[in-house]
Number of protein chains: 2
Amino acid sequence: MQDKTTLAKKQSGRSDRSQAVSADLIAVIIAVTNGEPRVLTIGQTNALPSGPFELDHRSLQSGLRAWVERHTSHPLGYVEQLYTFADRDRIDDEHVQRVISISYLGLTREEQTERSPTHGWRGWYDYFPWEDHRAGVPSILLDILTPRLQAWADEADEPDMRHDRRQRVAIAFGFDDRDWNEELVLQRYELLYEAALVAEAKRNWHTGGVPPVPGRLMIADHRRILATGIARLRTKIKYRPVVFELMPPTFTLLQLQRTVEALAGRLVHKPNFRRLIEEQNLVEETGETMSDTGGRPAKRFRFRQTVLAERTVAGTKLPLSRG
Amino acid sequence: MQDKTTLAKKQSGRSDRSQAVSADLIAVIIAVTNGEPRVLTIGQTNALPSGPFELDHRSLQSGLRAWVERHTSHPLGYVEQLYTFADRDRIDDEHVQRVISISYLGLTREEQTERSPTHGWRGWYDYFPWEDHRAGVPSILLDILTPRLQAWADEADEPDMRHDRRQRVAIAFGFDDRDWNEELVLQRYELLYEAALVAEAKRNWHTGGVPPVPGRLMIADHRRILATGIARLRTKIKYRPVVFELMPPTFTLLQLQRTVEALAGRLVHKPNFRRLIEEQNLVEETGETMSDTGGRPAKRFRFRQTVLAERTVAGTKLPLSRG
DNA sequence: GCCTATTATTCTCCAAATGAGTATAATAGG
DNA sequence: CCTATTATACTCATTTGGAGAATAATAGGC
């Protein structure tokens, strides 16, 4: 039986060079508060929480969970691995040592806001203002992004490349009578990066190029990682009951709907939303009602225990279709 | 602006311990030949190809691509990251250094089979015989797995745990009038591991416990990684046109259907399959026909260029529904 | 107390998608 | 020329999904 270690030695004549790596964990921690999706940040709210992966943890997942809970006193409900990055040009300064960054998505609730000086929550649409379509197509997208992306596509020299750019932009941003697909968060960010329209791509905008598009900046590639997390979450809520982790113990159906809409960045049809939620037996009435919002009082619901048990495999449907 | 490096130093009092890691790439390379899904292996076909991540690659993805193409002369069509593992008990012997394994899924075609002594292809159902439902529920599942899983669930002491085990087994394997969900490959493998029914879980079967269930063994956690890859692929073919990468340049619709069925491990309704493929404009006729199989000759098709262009975001539908 | 605005909740309707079966076409081989 | 076999084209019933209408229950102004 051939061992993996043996193989590695045999196949790499310069295995010494492959040793010098260190591993970092980067966390995208999401909560939804007052109908706004928010992300846990550090520093001047321009960095995602991250830290070294320590050897005494059983696994990456438990390492992340322990690390986040230690530093934020936020229990993490749901954790899922996002992506592992190791691109050479990731770190700005000339590090000899290569860093492997393993990113995770975590869901929680923003409860005991104890005003930490090192950690804070910030609405994720501050970083991606073009992603919020709940009040219609945002003007930033119409007035600023669209013309600049068109210009970028048109400035390509070769006709093939022009066509390719136009097509990719149209698909990602829903131009030419295409529908807006809220799942393409990462593709959109990467197109903006490629077009040098975000400040992270500091290729040319301070030397005569166009200035960056609105949207809060993050260090290194953290905004790309956040985009990855948002995209994953927007995909996931459509077929797995993860909204749970973001809700308080009891809630009204409208609150649940607002949470889903906040994540998806688009509105859903209320009666259809109710129909889907109820026919899947995801929730049960608590018996209480709530009459805050000036109208007929709403019934309070909680998630059913069985759903929590089947959580890992149970399906959910929402009135949001796949692109 | 606070740098990530600074943060890491500040937050870890023992950052020296977090340095000693090395990174490995592990590849799940899939091809479909004669209607059978196959995986590229090394050694006695009991290990997935793997090797050290080398610093001179631009990114993990390009590192893997270069590595696989160098060692197999198989161009990799489609590559996607699977998962990053770093559990402490992953390596058998007492390594001081921790290994981070980054696994990838790659799709290709098994063409120039040049009988390499170090690499070989093997049908993936050799490793997971209970996953092939194309000819109905396999007898291995009915006669061997079912009673053993039931026994394992019943042997739990506490009633709560018994109920929990029964439920998880029922969901994963489709007992109690539930449907078989072909996507739950990983959940099934992990349940068998937990129940010590696969040889990798060498807890008790050689010391009085039950012998392992049929299915070819792999070293370390390679079979789990393969299960992860199969699950991902079975999910992916339902909404993204990745079957392309596994097909020859031209093919008949039945060949395409057989490939999908091979991956999904279940049969699909032929007229409906054709309807979906054609109404999505995924393919176009070449004009030629093929009359090998003793019947009316079948038209040859190829994939349309536009689809290849939109590949990253385009959707596909198949007559396989989500669980 | 009555009217109005507001939200909650329930139904209805129609179009599209899906699952499953049937009918017809074109070849090879005896 | 008949039969077996596969390809291809239709049909039909059922389920889903999107969108709007109708009704119920509260608060607040008058």
Side-chain angles (χ1 to χ4, degrees), chain A residues 34-35 133 136 179-182 237-239 250-261 264 266-302 315-323, chain B residues 34-35 133 136 179-182 237-239 250-261 264 266-302 315-323:
Chain A
N34 301 323
H133 287 228
D179 287 332
W180 172 258
N181 183 343
E182 73 277 357
I237 49 167
K238 294 177 191 170
Y239 64 96
T250 71
F251 47 86
T252 69
L253 289 184
L254 186 60
Q255 287 171 335
L256 182 63
Q257 181 183 341
R258 294 288 177 238
T259 302
V260 167
E261 291 173 335
R266 68 186 337 174
L267 301 178
V268 302
H269 186 74
K270 183 146 77 167
N272 291 350
F273 180 81
R274 302 175 63 93
R275 174 173 66 186
L276 283 179
I277 296 298
E278 291 189 314
E279 83 189 4
Q280 290 173 100
N281 287 315
L282 292 178
V283 298
E284 61 192 8
E285 301 183 12
T286 67
E288 307 155 59
T289 60
M290 201 180 137
S291 50
D292 294 30
T293 45
R296 172 173 171 177
K299 293 180 192 164
R300 283 185 166 284
F301 290 83
R302 75 171 74 88
T316 323
K317 286 176 187 167
L318 293 174
L320 294 161
S321 52
R322 301 207 99 168
Chain B
N34 301 324
H133 288 228
D179 287 333
W180 172 258
N181 183 343
E182 72 277 357
I237 49 168
K238 293 178 191 169
Y239 64 96
T250 71
F251 47 85
T252 69
L253 289 184
L254 186 60
Q255 287 171 336
L256 182 62
Q257 180 183 343
R258 294 287 177 241
T259 302
V260 168
E261 291 173 335
R266 67 185 340 173
L267 301 179
V268 303
H269 186 75
K270 183 148 73 166
N272 291 348
F273 180 81
R274 300 174 63 93
R275 176 173 63 187
L276 282 179
I277 295 298
E278 293 189 313
E279 82 186 7
Q280 292 174 98
N281 287 315
L282 293 178
V283 298
E284 62 191 8
E285 301 183 13
T286 67
E288 307 156 57
T289 60
M290 202 182 136
S291 51
D292 294 30
T293 44
R296 169 173 172 178
K299 293 180 190 161
R300 282 184 167 285
F301 291 83
R302 75 170 76 87
T316 324
K317 287 177 187 169
L318 293 174
L320 292 161
S321 50
R322 302 208 98 169

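Letters go in sequence order (proteins before strands), and every chain restarts at 1.
In this structure, the CZ atom of F273(A) is 16 Å from the C1' atom of dT7(C), given to the nearest Å. Going from atom CZ of R300(B) over to atom C1' of dT6(D) covers 15 Å, rounded to whole Å. Protein atom CZ of R274(B) is 17 Å distant from nucleotide atom C1' of dG19(C), rounded to whole Å. The separation between F251(B) atom CZ and dT6(D) atom P is 20 Å, rounded to whole Å. One atom, NE2 of H269(B), and another, P of dT18(C), lie 14 Å apart when rounded to the nearest Å. Protein atom CD of E278(B) is 11 Å distant from nucleotide atom C1' of dA7(D), rounded to whole Å. Between the CZ atom of R275(A) and the C1' atom of dT9(C) there is a distance of 14 Å, given to the nearest Å.
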Output, in order, the C-alpha distance, side-chain angles, deciding distance and verdict of side-chain hydrogen bond (donor to acceptor under 3.5 Å, both in side chains) for T250(B) and R302(B). CA-CA 5 Å; T250(B) 71; R302(B) 75 170 76 87; over 6 Å; no
Criterion salt bridge (Lys or Arg N to Asp or Glu O under 4.0 Å) on R266(A) and E261(A), from CA distance to verdict: CA-CA 5 Å; R266(A) 68 186 337 174; E261(A) 291 173 335; over 6 Å; no
Report all interatomic pairs (protein N or O, nucleotide N or O of nucleotides 24-26 of chain D) with separations under 3.5 Å.
| unit_1 | atom_1 | unit_2 | atom_2 | d |
| --- | --- | --- | --- | --- |
| dA24(D) | O4' | R296(A) | NH1 | 3.4 |
| dA24(D) | N3 | R296(A) | NH1 | 3.2 |
| dA25(D) | O4' | R296(A) | NE | 3.4 |

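Note on K270(B): a side-chain N or O is less than 4.0 Å away from OP1 or OP2 of dA7(D).
For E182(A) and K238(A), the salt-bridge test passes: some basic side-chain N is under 4.0 Å from an acidic carboxylate O.
One finds the NE2 atom of H133(A) at 11.5 Å from the CG atom of L267(A) (value rounded to the nearest 0.5 Å).
Using a 4.0 Å heavy-atom cutoff across all strands shown, K299(A) reaches sugar-phosphate atoms only and no base atom. Contact annotation for L254(A): backbone-only contact, meaning every heavy-atom pair under 4.0 Å involves sugar-phosphate atoms and none involves a base.
Between V283(A) and F301(A), the shortest heavy-atom contact is CG2-CD2, 3.6 Å.
Mapping N272(B) and T252(B) onto DNA chain D via the closest heavy atom, the residue that lands nearer the 5' end is T252(B).
When base pairs are accepted only as Watson-Crick or G-U wobble with both N-N or N-O distances under 3.5 Å, DNA chain C takes part in stems of 3 or more pairs at C:1-30 with D:1-30.
Proximity of V268(B) to Q257(B): side-chain heavy atoms (C-beta onward) are separated by under 4.5 Å at one or more points.
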